[in-house]
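See structure below.
Along the sequence shown, residues are numbered consecutively beginning with 1.
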Amino acid sequence: MILRLALGSLMARALTVGMTILAIALSVALFLGVEKVRTGAKASFADTISGTDLIVGARSGSVQLLLYSVFRIGNATNNLTWESYQDIASRPEVDWIVPISLGDSHRQFRVMGTSKAFFERYKYRAGKSLVVNQGAIMDDLFDTVIGADVAATLNYDVGDPIVVAHGLASFVEHEDQPFRVSGILEKTGTPVDRTVIVSLQAIEAIHVDWRSGARIPGQSTPADVIRQMELEPKAVTAALVGVKSRLQVFGLQRAINEYPSEPLLAILPGVALQELWQIVGIAETALVAVSGMVVVTALIGMMATIFSSLNERRREMAIFRAMGARPRVILSLLVLEAALMAAIGAVIGLVLLYAGLVVAQPLVDAAFGLWLPIEAPSLRELWVLSGVVAAGAIVSMLPAFRAYRMSLADGMMIRI
């Protein structure tokens, strides 16, 4: 009977109740949407590199090594000599190794020298491989493969020339050794999208006429001559390593960290990513707090609506009391109405969330490389919805208690 009375009361005030339910639905959709974006961003962040067991570079800090080797942020304190790289590659634990050489740039995009194995071994988003959208992987010494963001920003197409600049903020370019775009990668949502990829030999080729970071005056070696040279690198910036057995990871890491020939550092990408996320995760906490306050504001608005309706319902409450309704009936009626509004709003908010995900998922993935999975509500989300309903019932207790204390005479009195 109380449920029937509550439903009838809500339908009698359809406009006001509908606006309150809409406010709760939008706030719930926002909160759950922020939660989806938060978890999606964290997963995408963690999936920037997968399938790599160790990252090796000069001894510095684990986060610093991760930043410049994977995210192309900052610079290495030192390089890894080619002899040490080959020594590590020859160890029995190593299944594969991919060198990375950084230092040059092209119009604010980092240039990375590597081997063709990079396109096979680099994985992201739980094992996805790099895919060439246009053209092919570099075949000539002066070929380059560019990321999707590089191509889109600079309006490059296959066959276009690229002139690499020396260093990151240098106005000196290697104009005598231009590259040709041989391929454009599909968008990945990783730093690869903002990278110009060339071969290790190409990095050596463009620096043939350079010594100590400066061009040798009056010297310009023809490209045909350079192609005949032995272009073995003297050093690389870092290396991605895969081991034959996961049981050998920590032993190899310890051996590299204690390498006698030069100070080296080997890090576990997953552990370093967690350390980096803890640094940048403050914004995550702030975002969740703001969206939580939106839900609280909507519930406070519902309580204000119930309070404002009490003056209109004073006679209704008094009639219930005069007909023998017990105080708990009045309390239960108002609490049930609030719980129903919160529950309906939560369900509509969940529907709005999934409708928005269906529309936004491909757009967000294409624009930001952020994958928002469309999955059944998690246990955490169900707890959030239950909490909204419970909070709606709790905030209604104050106006319900006030309605209970209204006197019968006050409700029945005719005001002039």
*With side chains defined as the heavy atoms from C-beta onward, is the minimum distance between R59 and T77 less than 4.5 Å?*
no
*Can you tell me how far OG of S90 sits from OH of Y85, rounded to the nearest 0.5 angstrom?*
11.0 Å
*Go through the steps to decide whether F119 and I197 satisfy the test side-chain contact (heavy atoms from CB on, under 4.5 Å), and finish with yes or no.*
CA-CA 10 Å; F119 299 95; I197 304 173; 3.8 Å; yes
*asked:* Please find the pair of heavy atoms, one from S69 and one from A238, that lie closest to each other, and give the distance.
replied: CB-CB, 4.0 Å
_Within this structure, what is the NZ-NE2 distance for the pair K234 and H207, rounded to the nearest 0.5 Å?_
11.0 Å
*Answer whether the closest heavy-atom distance between the side chains of V236 and N79 falls below 4.5 Å.*
no
*Listed once per pair and sorted, the ring-ring contact (aromatic ring centres under 6.0 Å, His included) pairs that draw on residues 51-79, sequence neighbours left out*: F45-F71
*Taking the side chain as C-beta and beyond, is there a heavy-atom pair between I146 and T195 under 4.5 Å?*
no
*asked:* Between T52 and K123, is the side-chain hydrogen bond (donor to acceptor under 3.5 Å, both in side chains) condition met? List the steps.
replied: CA-CA 8 Å; T52 297; K123 307 292 183 181; over 6 Å; no
*Flag, side chain of T188 to backbone of T190, donor-acceptor distance under 3.5 Å*: yes
*asked:* One thing to verify: whether D140 and R227 come together as a salt bridge, which I'm taking to mean a side-chain N less than 4.0 angstrom from a carboxylate O.
replied: yes
_Within-4.5 Å side-chain heavy-atom neighbours: I206 and D104_ = yes
*Any donor-acceptor pair under 3.5 Å linking the side chain of H106 with the backbone of V163?*
yes
Only distances under 3.5 Å count here; give the side-chain donor-acceptor pairs of residues 347-364 to other protein atoms, sequence neighbours excluded, each with its distance to 0.1 Å.
residue : atom : partner : partner atom : Å
Y354    : OH   : E375    : O            : 2.6
Q361    : NE2  : L372    : O            : 2.7

*Compare every heavy atom of G135 with every heavy atom of V132, then report the nearest pair and how far apart it is.*
CG1-O, 3.5 Å
*So with a 6.0 Å cut-off around CE of M19, is the heavy-atom count from everything else above 12?*
no
_Going by side chain to side chain donor-acceptor pair (under 3.5 Å), name the pairs with one or both residues in residues 249-274, residues two or more places apart or in two chains._
T81-E262, S84-E262, D87-Y259
*asked:* Please find the pair of heavy atoms, one from G392 and one from A338, that lie closest to each other, and give the distance.
replied: O-CB, 3.5 Å
*Quick one: CG on L66 to CG on L268, what's the gap to the nearest 0.5 Å?*
11.0 Å
_Shortest non-hydrogen contact between A205 and I226, atoms and distance_ = CB-CG2, 3.5 Å
*Just by distance, do the side chain of D160 and the backbone of Y156 share a donor-acceptor pair under 3.5 Å?*
no
_T144 and M138, any side-chain heavy atoms less than 4.5 Å apart_ = no
*Derivation and outcome, side-chain hydrogen bond (donor to acceptor under 3.5 Å, both in side chains), residues S62 and E275*: CA-CA 9 Å; S62 58; E275 293 178 10; 2.8 Å; yes
*asked:* Taking the basic N atoms (NZ, or NE/NH1/NH2) and the acidic carboxylate oxygens, is any pair closer than 4.0 Å for K244 and E93?
replied: no
*Could you go through the side-chain contact (heavy atoms from CB on, under 4.5 Å) check for W96 and V243 one step at a time?*
CA-CA 7 Å; W96 56 266; V243 298; over 6 Å; no
*asked:* Check this for me: does any side-chain nitrogen of one of R246 and D53 sit under 4.0 Å from a carboxylate oxygen of the other?
replied: yes
*Check Y124 against T48 and note the closest heavy-atom contact, atom names and distance.*
CB-O, 3.6 Å
*Between CD1 on residue I73 and CG on residue L67, distance to nearest 0.5 Å*: 5.5 Å
*Just wondering, do L265 and I55 contact through their side chains at under 4.5 Å, heavy atoms?*
no
*asked:* Can you tell me how far apart CE (M229) and CG (D224) are? Round to the nearest 0.5 Å.
replied: 11.5 Å
*Does the ring center of H174 lie less than 6.0 Å from the ring center of F142?*
no
*Passes side-chain contact (heavy atoms from CB on, under 4.5 Å), T297 versus S27? Steps please.*
CA-CA 9 Å; T297 302; S27 64; over 6 Å; no
*Taking side chain as C-beta onward, heavy atoms only, is I88 less than 4.5 Å from L264?*
yes
*Of the non-hydrogen atoms in I184 and A151, which two are nearest, and what is the gap between them?*
CG2-CB, 3.7 Å
*asked:* Looking at D209 and T221, would you say the former's side chain and the latter's main chain have a donor-acceptor pair under 3.5 Å?
replied: yes
*Report yes if the side chains of L54 and L240 come closer than 4.5 Å at any heavy-atom pair, otherwise no.*
no
*How many angstroms lie between OG1 in T114 and CG in L200, if you round to the nearest 0.5 Å?*
6.0 Å
_Let's go through V17 and I21 carefully: what are the C-alpha distance in whole Å and the side-chain angles of both, what is the deciding distance for side-chain contact (heavy atoms from CB on, under 4.5 Å) to 0.1 Å, and is it a yes or a no?_
CA-CA 6 Å; V17 170; I21 289 176; 3.7 Å; yes
